[in-house]
Amino acid sequence: MGGATDTHGHDGRPGRTAGGPLELKVSAATTTPGEQNITPAPGLPGWRRWLAAIGLVLVLACLLPPLSVLARRHVFAESIQFSVFAMAGPALIVLGAPWRLLRLSGPADRLAAAHRGNRSFLRSGIFLLAFIGVCLSWRLPPVMDALARQPALVVAEAMTLLAAGAALWLEIVDSPPVAPRLPRPQRAAVAALAMWSIWIVAYVLGSASHAVFSAYDAAGSGLSAVADQEIAVGLVWAVSGCCFVPVVMANMLGWLTGGEDADEEFQRVFRDENERAMVRGWGTRPRPRRRPTSSA
């Protein structure tokens, strides 16, 4: 009959079901654990794809003359190298997400899956501490003097700082297919702590009234050793501020304007941490109470 529906629930009109319009969109909220979301992830804006190329060019410029030569004579030039290797280079590369061009799609997909399954702050805290430790190690006066005397150490500096910096930035910004595992307030806290640690180290090294580094010789340039150190502090402060302050502001503004409740967010985070801590030997769950039996 013309008005009856068939056994598959169609009412005879194409594109419609008995209950309403036919919808084929599958969202992340409707997928069950273990299933994959078939909705394609949004691609990067075109301008962001150039950020990775700019980051790689900056890294190469720091490894080649004339900056590599100047870095053996001036502390501020070496600080430019450090700032690019530790902050500007990793930030631009991660934001540009060149994983497919670098044939790293497989590791990036596995890392994205690990991020989706683990929202613990502990792992991000470990990456933050590793970043602070690596940065501090390369800013110690004996190590910086060794960089001036042994130019080959710059390659090791670049590799370790880029690795630590990229691991940190993957925790606080989107780099498709990798997405940050932390809520926005915690991303802002990680970025702020990383920035403050670099500021403190730079201030301690640059606040001295005498030359802290002995291997750098600015003779003939009209720049004293103390002035060289002060310029280096200003450069490190400026680069770290330009890299981390936008991340802090964007995450805090997104959190405040997103309609999320602060108490509910922090309670959820602490609840997840407590559930992960319930392992044998570390915590026990309360036993159910037995109901008293009535005696005849």
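In terms of modelled atom types and a separation under 3.5 Å, the side chain of E157 and the main chain of W138 share no donor-acceptor contact. In terms of modelled atom types and a separation under 3.5 Å, the side chain of R139 and the main chain of A202 share no donor-acceptor contact. Between the side chain of S224 and the backbone N or O of A227, at least one donor-acceptor pair lies under 3.5 Å. For the pair S79 (side chain) and V236 (backbone), a donor-acceptor distance under 3.5 Å is absent.
Between F244 and W169, the angle of the ring planes stays under 30°, which puts this pair in the parallel group of the 30/60° scheme. Classification of the F76-H74 ring pair by plane angle, with boundaries at 30° and 60°, yields tilted.
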- Would V233 and L205 satisfy side chain to side chain contact (heavy atoms under 4.5 Å, CB included), going step by step from the backbone distance to the final call? CA-CA 8 Å; V233 173; L205 295 178; 5.7 Å; no
- Query: Is there a side chain to side chain contact (heavy atoms under 4.5 Å, CB included) between F131 and I198 once you walk through the steps?
  - Reply: CA-CA 10 Å; F131 173 78; I198 293 175; 3.8 Å; yes
- Let me see the working for Y216 and E78 under side chain to side chain contact (heavy atoms under 4.5 Å, CB included), right down to the final yes or no. CA-CA 10 Å; Y216 294 88; E78 197 283 331; 3.5 Å; yes
- Item | side chain to side chain contact (heavy atoms under 4.5 Å, CB included) between V239 and F82, intermediate numbers included | CA-CA 10 Å; V239 174; F82 169 81; over 6 Å; no
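Counting only heavy atoms from C-beta outward, the side chains of N251 and P185 never approach each other to under 4.5 Å. V154 places a side-chain heavy atom less than 4.5 Å from the side chain of F85. For the pair L223 and I231, the minimum side-chain heavy-atom distance is below 4.5 Å.
In this structure, S175 and L170 approach most closely via the heavy-atom pair CB-CD2, 3.8 Å. The two residues L92 and L51 come nearest to each other via the heavy atoms CB-O, 3.3 Å. Across A97 and P176, no two heavy atoms sit closer than the pair CB-O, 3.6 Å. For the pair L147 and L153, the tightest heavy-atom approach, listed with the atom from each and the gap, is CD2-CB, 3.6 Å.
S197 contributes atom OG, which lies 7.0 Å from atom CG of L128 (distance to the nearest 0.5 angstrom). Between T257 atom OG1 and M252 atom CE the span is 10.5 Å, to the nearest 0.5 Å. Separation of atoms CZ (F213) and CG (L140) is listed at 9.0 Å; rounding is to 0.5 Å. If you take CG on L63 and CD on Q81, they are separated by 7.0 Å, rounding to the nearest 0.5 Å. Atom OG of S124 and atom CG of L129 lie 11.0 Å apart (nearest 0.5 Å). For the atom pair L182 CG and R184 CZ, the distance stands at 12.0 Å (nearest 0.5 Å).
Under the 4.5 Å side-chain contact rule for hydrophobic residues, L235 and V204 do not share a cluster. Hydrophobic clustering, with ILVMFWY side chains joined whenever heavy atoms are under 4.5 angstrom apart, keeps M159 apart from L161. A single hydrophobic cluster is not seen to contain both V57 and L95; linkage of ILVMFWY side chains at heavy-atom distances under 4.5 Å, directly or through other members, places them apart. Hydrophobic clustering (ILVMFWY, side-chain heavy atoms < 4.5 Å, transitive): V69 and V75 are in distinct clusters. Under a hydrophobic-cluster definition in which Ile, Leu, Val, Met, Phe, Trp and Tyr are linked whenever side-chain heavy atoms come within less than 4.5 Å, directly or via other members, I93 and W50 are assigned to different clusters.
The existence of a salt bridge linking R187 and E171 is excluded, since no basic side-chain nitrogen approaches an acidic carboxylate oxygen closer than 4.0 Å.
Applying the salt bridge (charged side-chain N to carboxylate O under 4.0 Å, His left out) criterion to R72, with sequence neighbours excluded, gives no partner residue.
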